[in-house]
Amino acid sequence: MIEPNKAVTVGQRPGVADQNVLILGSGIAGITTALELSEMGISSTILERRDRLGGQAAVFACKASEKCNKCFACVVDNQIQEVSRRSGIRILTESTLGKISGDPGRFKVQIQSGGNESRLEASVILVATGVDFFNARQKPEYGYGLFQNVITAQDLDEMLHAKGRVLRPSDGQVPSRIAFFQCVGSRDETIGHLWCSKVCCAYALRFMKAIRHQYPEIETSFFYIDIQPLGRSFESLLEACRQDERMHLIRSLPSKVYGHRTSTDLRIRFIDPVSGGITEEGFDLIVLSIGMTPREDADQVADLLHVPKNEEGFYRSPPPDSGIFVSGACKGPRDIGGSIIDAKATAREIAQYLGGV
Amino acid sequence: MRSSKECRIAIVIDHCEGTLSHIFDEAMVRYFSGLPCVVSCYQDDNLSSPRRLEKLVAKLRKGKADRAVIVGGSPKRYEASFRRLDLGTGFNPYMFLVANVREQAVWTIPDVERAKEKTKTIVAKRIREATCLSPIGEEKFELSKNAIVLGGGVVGMRAALALADANIQVTLLSRAKDIGGKAIQLTHFYDRPGEVSSWFKDQVKKVKKHPNIAVKTSVELKGLEGSLGDYRVKVEDPSGKRREVEGSAVILAMGNDVIPNTEGIFGHQRFISPPQMEAMLADGGKSLVTDKERPLQTVTFILDLVNETIKIDSANAIKNAILLRENHDRAVYVICRDVKVSLDGMEKQYRKAREMGVIFIKYDDPPKFSLVNGQINVEVKEVSIQMRGDDYSLSILSDLVVVSERFVPSKDNQMLADVLGIPLAEEGFLMDENPQFARVRTNRRGVFIAGGCRYPQTLDESLVEAEAAAAGVTELLSQGFFGYDLAVAEIDPAKCAACLTCPRVCPHSAIVVERYAEGNVYVTGGYEKDFRWKAARVLPMQCYGCGICVSSCPTKAITLKHLTDDEISLQVGV
Ligand SMILES: Cc1cc2nc3c(=O)[nH]c(=O)nc-3n(C[C@H](O)[C@H](O)[C@H](O)COP(=O)(O)OP(=O)(O)OC[C@H]3O[C@@H](n4cnc5c(N)ncnc54)[C@H](O)[C@@H]3O)c2cc1C
Ligand SMILES: Cc1cc2nc3c(=O)[nH]c(=O)nc-3n(C[C@H](O)[C@H](O)[C@H](O)COP(=O)(O)OP(=O)(O)OC[C@H]3O[C@@H](n4cnc5c(N)ncnc54)[C@H](O)[C@@H]3O)c2cc1C
Ligand code: SF4
Ligand code: SF4
Ligand code: SF4
Ligand code: SF4
């Protein structure tokens with residue numbers, strides 16, 4: 001029990017290094033944990049491999065149409081700003097983990113930043129390394145990398161984030177017919193990915209709403225297997241999409257994309273659920289809704305820190321006394337809101353481990 | 001405004017890890033020291049570190065100054081450290097001002113000399129502002145380390161355990177006769193096969209045995225009032241006796257209600273609800289064969305007629321479909337609009353079900369039901385397997401049809417929303433203050449929501465919410481007190497006309513109107529004795545200092561403590 005008024009320094013578990021929590025990854029999960037820990041007076045060091053903070057979600061564009069569509073992208077911007085101002089949080093970008101020694105509660109960590117090496121002591125290590133986007137080239141039938149006007153949802157997001165407009169890569173013109181292919185890299189036995197990425201249905205629907213709002217003349221089609229709800233406001237989003245006459249929700253996944261020798265137009269082949277027959281249709285922009293996969297270096301980190309994995313290759317929580325915690329999408333696909341709430345729960349577990357609260 | 005002579009200002013230069021050292025040369029320090037009212041000047045390399053700040057405060061306390069201006073980076077940089085300062089000592093957060101020269105001068109003006117000039121202007125302005133700072137926030141409220149958890153389902157139990165482990169005394173209130181909630185009816189969870197009942201019993205045992213948890217069951221909620229540090233829940237036991245339970249904070253975890261679908265043909269005995277299906281499977285399937293009229297051969301699950309955007313039914317149907325095939329060799333159909341696979345491990349379960357022969361049929365138009373020789377005929381137009389011809393319907397003769405119950409907000413949500421001023425979402429579930437930043441926290445300080453009363457979700461998703469809500473409470477109570485770390489509004493009772501505008505506009509239910517409150521003494525000419533007037537009062541622990549009430553008051557009776565008019569005019573002045 002802590003004395004009231006003495007909480008300025010949080011109580012310490014005996015043998016625990018100076019409270020410093022090492023956070024691997026500056027995605028929304030890592031940042032949120034750092035902020036929550038700082039609220040409880042626990043300092044942390046964030047290690048980020050890239051040169052910028054925020055992880056995957058930092059490049060997402062706002063997907064508001066006539067109203068906010070609750071995509072959570074702006075939350076990430078806000079948290080990035082907050083974390084760089086907050087005291088007690090050290091941020092090391094372009095840095096990775098080297099060797100680790102010591103015991104739970106008192107890890108000795110080697111850190112590589114650029115060419116430099118440094119060391120620090122950490123009481124706890126939090127793994128919040130997130131996920132990779134699926135590499136769409138692994139589905140050659142969709143022609144990503146082959147046809148200019150086949151792009152991924154991430155490409156589209158970056159385009160919208162940077163230019164604020166939707167343009168065909170081939171000629172910089174506004175497209176007239178856009179197709180979204182769902183489940184690219186997810187729910188797919190042929191590549192051994194037997195999981196749903198949970199966010200991409202809502203993600204693509206919001207995209208379509210935002211695009212249709214900005215360009216009422218564009219026609220969009222959404223090819224899917226099942227529509228996955230996401231969060232509380234999803235019902236109204238889905239209803240609005242169903243009402244929109246120029247937004248076609250088609251329960252069928254296209255089998256192949258065909259290019260054209262003389263034009264950049266694309267044709268796709270799919271089974272039309274209405275007629276039951278094989279159909280072809282033309283589009284001038286195809287967006288692949290890529291899913292999430294375990295990071296390429298997931299095994300390396302897992303071996304180094306003895307983090308267990310599930311069958312799909314995502315991390316599972318190590319035993320609580322190991323001093324190692326996991327949070328965010330590296331535990332399996334989840335949205336930004338889900339990663340935030342998970343990070344809050346993890347911060348509490350860490351504080352409890354440190355014996356502070 | 002206070003006269004300049006009365007105040008003694010300390011200047012504290014923060015070099016921001018050396019990044020500002022080129023600005024703060026000797027000449028600059030001399031300039032600062034020469035400014036009016038400045039009695040001392042300290043330098044530090046990194047003040048955003050809580051420890052450095054503590055040391056500084058110790059130094060300041062020994063010195064002569066009674067307020068300080070920090071010259072360095074953005075106020076946000078120091079905010080968290082400020083908030084952790086012990087409010088009981090001479091210095092408190094509101095006796096500090098920050099001159100943000102890093103962002104306002106150094107970063108924006110590349111030319112060093114011009115940046116220095118700008119730095120001087122900013123600091124001079126801040127010094128002038130510092131002369132009208134008045135110490136606020138010295139008051140603090142003791143917060144006892146206790147909390148109330150309302151609802152004894154899995155979510156309430158998990159929250160209670162998390163709090164209790166953090167040494168917070170918990171009173172767990174539940175309407176049901178025993179704790180456990182809805183999940184206790186379930187024999188399996190899709191993602192925790194087999195072990196679930198032992199896991200569950202273990203949780204219940206832990207809760208009951210924990211020295212920091214007091215469980216009160218069979219209680220009916222009658223009211224909730226108070227504010228952070230002093231919430232009081234009124235409950236009634238079966239004998240009609242009422243009592244009050246107190247706690248510094250509250251977690252609402254009352255789950256959601258369900259409405260079984262029994263209209264029209266759904267009232268027929270061969271239509272059952274998912275919990276009834278659970279019960280049939282719980283006894284090892286004995287009740288699956290005891291129907292004399294006809295063996296229960298074909299079981300059909302109908303999904304998405306209700307709860308289309310909630311994943312629970314789909315998870316539950318897939319789980320039970322597998323059990324029915326695996327252990328009881330029944331023919332199983334699952335008829336739905338979309339299979340909800342966005343749950344950990346669910347895609348695999350879905351695949352397993354199909355491999356075991358469960359037939360999934362997806363519809364766009366809802367299926368039709370009729371009675372045929374005591375069986376239910378389910379007619380559905382299949383959309384994903386290709387059927388030749390335009391109007392091809394499948395007809396499935398079923399012995400049992402499982403139709404979902406509608407998940408609806410708990411009937412207590414409305415009452416709680418009314419008494420606490422928490423908004424309800426469209427469907428009637430309790431709203432978070434901000435679903436993006438502050439999920440599970442409500443607009444009422446000290447009240448958190450988790451589980452089905454927020455939105456029905458599966459167990460795992462609900463349990464993280466329980467943990468997050470517990471984290472929120474722990475954070476609030478860990479210090480043992482609540483200081484006015486944010487400036488709060490204040491109402492001058494003499495000016496208040498009790499027009500009831502401000503209590504209505506306050507988004508945090510922080511204003512009450514008291515009839516004859518202590519201190520509302522209004523002396524009017526015609527009365528001999530003090531005449532106590534009705535007036536509005538701000539509850540400081542509920543107030544977030546948003547300022548909305550200030551502008552809404554027709555008589556200008558409300559001020560925000562950290563921004564008095566004096567300060568505003570000074571800020572505008574430069
Ligand atoms: C196509 C797509 C669309 C999405 N759209 C949405 C959406 O609209 N709304 C929504 O809510 N969610 C969306 N999501 C989900 C969202 O991206 C994730 O929930 C979120 O990014 C997870 O955050 P995280 O912190 O767990 O991981 P990440 O954001 O992946 O961050 C992990 C960070 O760790 C770093 N890192 C990794 N390994 C190391 C190491 N060894 N050392 C140091 N640093 C390391 C990485 O560089 C990265 O910066 C989408 C996901 C995808 C794939
Ligand atoms: C048929 C069915 C099948 C499911 N299958 C699965 C599954 O396979 N996997 C999975 O992960 N999840 C499943 N779930 C979901 C899971 O059961 C819920 O996520 C979980 O039960 C939610 O718990 P809760 O604590 O929020 O609510 P509840 O379990 O409903 O608990 C609420 C508690 O609060 C009490 N209460 C209510 N009002 C008051 C009041 N005013 N005052 C005091 N006490 C009050 C009630 O008595 C009850 O004890 C299923 C749910 C159902 C209905
Ligand atoms: S659409 Fe997304 S980024 Fe835009 S305001 Fe809403 S949550 Fe923020
Ligand atoms: S969320 Fe939708 S698009 Fe993404 S993997 Fe799941 S079903 Fe496919
Ligand atoms: S400042 Fe905001 S929170 Fe405080 S009483 Fe006024 S309206 Fe309410
Ligand atoms: S708005 Fe002003 S006058 Fe009206 S009740 Fe509030 S303080 Fe009193």
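Predicted model only: the values in this text are computed from it and were never measured. Order of the sequence lines sets the chain letters (A, B, ...), proteins ahead of strands, with each chain counted from 1. Hydrogens, waters and symmetry mates play no part in the numbers below; they use all other heavy atoms, side chains included.
Between atom CG of residue D338(B) and atom CG of residue L238(A) there is a gap of 8.0 Å, rounded to the nearest 0.5 Å. Atom CG of D342(A) sits about 10.5 Å away from atom CG of D460(B), to the nearest 0.5 Å. Note: S342(B) OG to D335(A) CG = 10.0 Å, rounded to the nearest 0.5 Å. Remark: M40(A) CE to T474(B) OG1 distance equals 7.5 Å, nearest 0.5 Å.
Taking a 6.0 Å sphere around CD1 of I278(A), one finds it holds 12 or fewer heavy atoms contributed by other residues, nucleotides or ligands. The local environment of CZ in R90(A) is sparse, with at most 12 non-hydrogen atoms from other residues, nucleotides or ligands closer than 6.0 Å.
For A162(B), the parts lying under 4.5 angstrom from a heavy atom of chain A are both the backbone and the side chain. In this structure, chain A has no heavy atom under 4.5 Å from any part of A466(B). Neither the backbone nor the side chain of Q81(A) comes within contact range of chain B; no heavy atoms are under 4.5 Å apart. With a 4.5 angstrom heavy-atom cutoff, E427(B) touches chain A only via side-chain atoms. Neither the backbone nor the side chain of L230(A) comes within contact range of chain B, judged by heavy atoms closer than 4.5 Å. Neither the backbone nor the side chain of F314(A) has a heavy atom closer than 4.5 Å to any heavy atom of chain B.
Look at K362(B) and D226(A) and you find a salt bridge, because one of the NZ, NE, NH1 or NH2 atoms lies within 4.0 Å of a carboxylate O, short of that distance. Look at E308(B) and R242(A) and you find a salt bridge, because one of the NZ, NE, NH1 or NH2 atoms lies within 4.0 Å of a carboxylate O, short of that distance. Using a 4.0 Å cut-off between charged side-chain N and carboxylate O, E467(B) and K344(A) make no salt bridge. A salt bridge between D344(B) and K331(A) is absent, with no side-chain N of the basic residue lying under 4.0 Å from a carboxylate O of the acidic one. One finds a salt bridge joining E311(A) and K348(B) here, because a Lys/Arg side-chain nitrogen approaches an Asp/Glu carboxylate oxygen to under 4.0 Å.
For chain A, the option among V440(B), V341(B), D364(B), L477(B) with the highest count of heavy-atom pairs below 4.5 Å is V341(B).
Remark: A160(B) engages V149(B), V170(B), L172(B), I213(B) in a side-chain contact (heavy atoms from CB on, under 4.5 Å) (not counting sequence neighbours). Residues passing the side-chain contact (heavy atoms from CB on, under 4.5 Å) test with N307(B), sequence neighbours excluded: I310(B), D313(B), S404(B), R406(B), F407(B).
The side-chain heavy atoms of P229(A) and K311(B), taken from C-beta on, include a pair separated by under 4.5 Å. For the pair D165(B)/Q352(A), a side-chain contact is recorded, criterion being any heavy-atom separation below 4.5 Å from C-beta on. Using a 4.5 Å heavy-atom cutoff, the side chains of R351(B) and L194(A) are in contact.
In this structure, E347(B) contributes its side chain and H193(A) its backbone to no donor-acceptor pair below 3.5 Å.
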Determine, stepwise, if the pair R232(A) / M431(B) fulfils side-chain contact (heavy atoms from CB on, under 4.5 Å). CA-CA 10 Å; R232(A) 187 154 65 176; M431(B) 268 285 257; 3.3 Å; yes

Can you check side-chain contact (heavy atoms from CB on, under 4.5 Å) on R348(A) and E475(B), steps first, answer last? CA-CA 9 Å; R348(A) 193 195 62 81; E475(B) 219 172 76; over 6 Å; no

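Residues R187(A) and Y350(B) approach most closely at NH2-CE2, 3.4 Å, considering heavy atoms.
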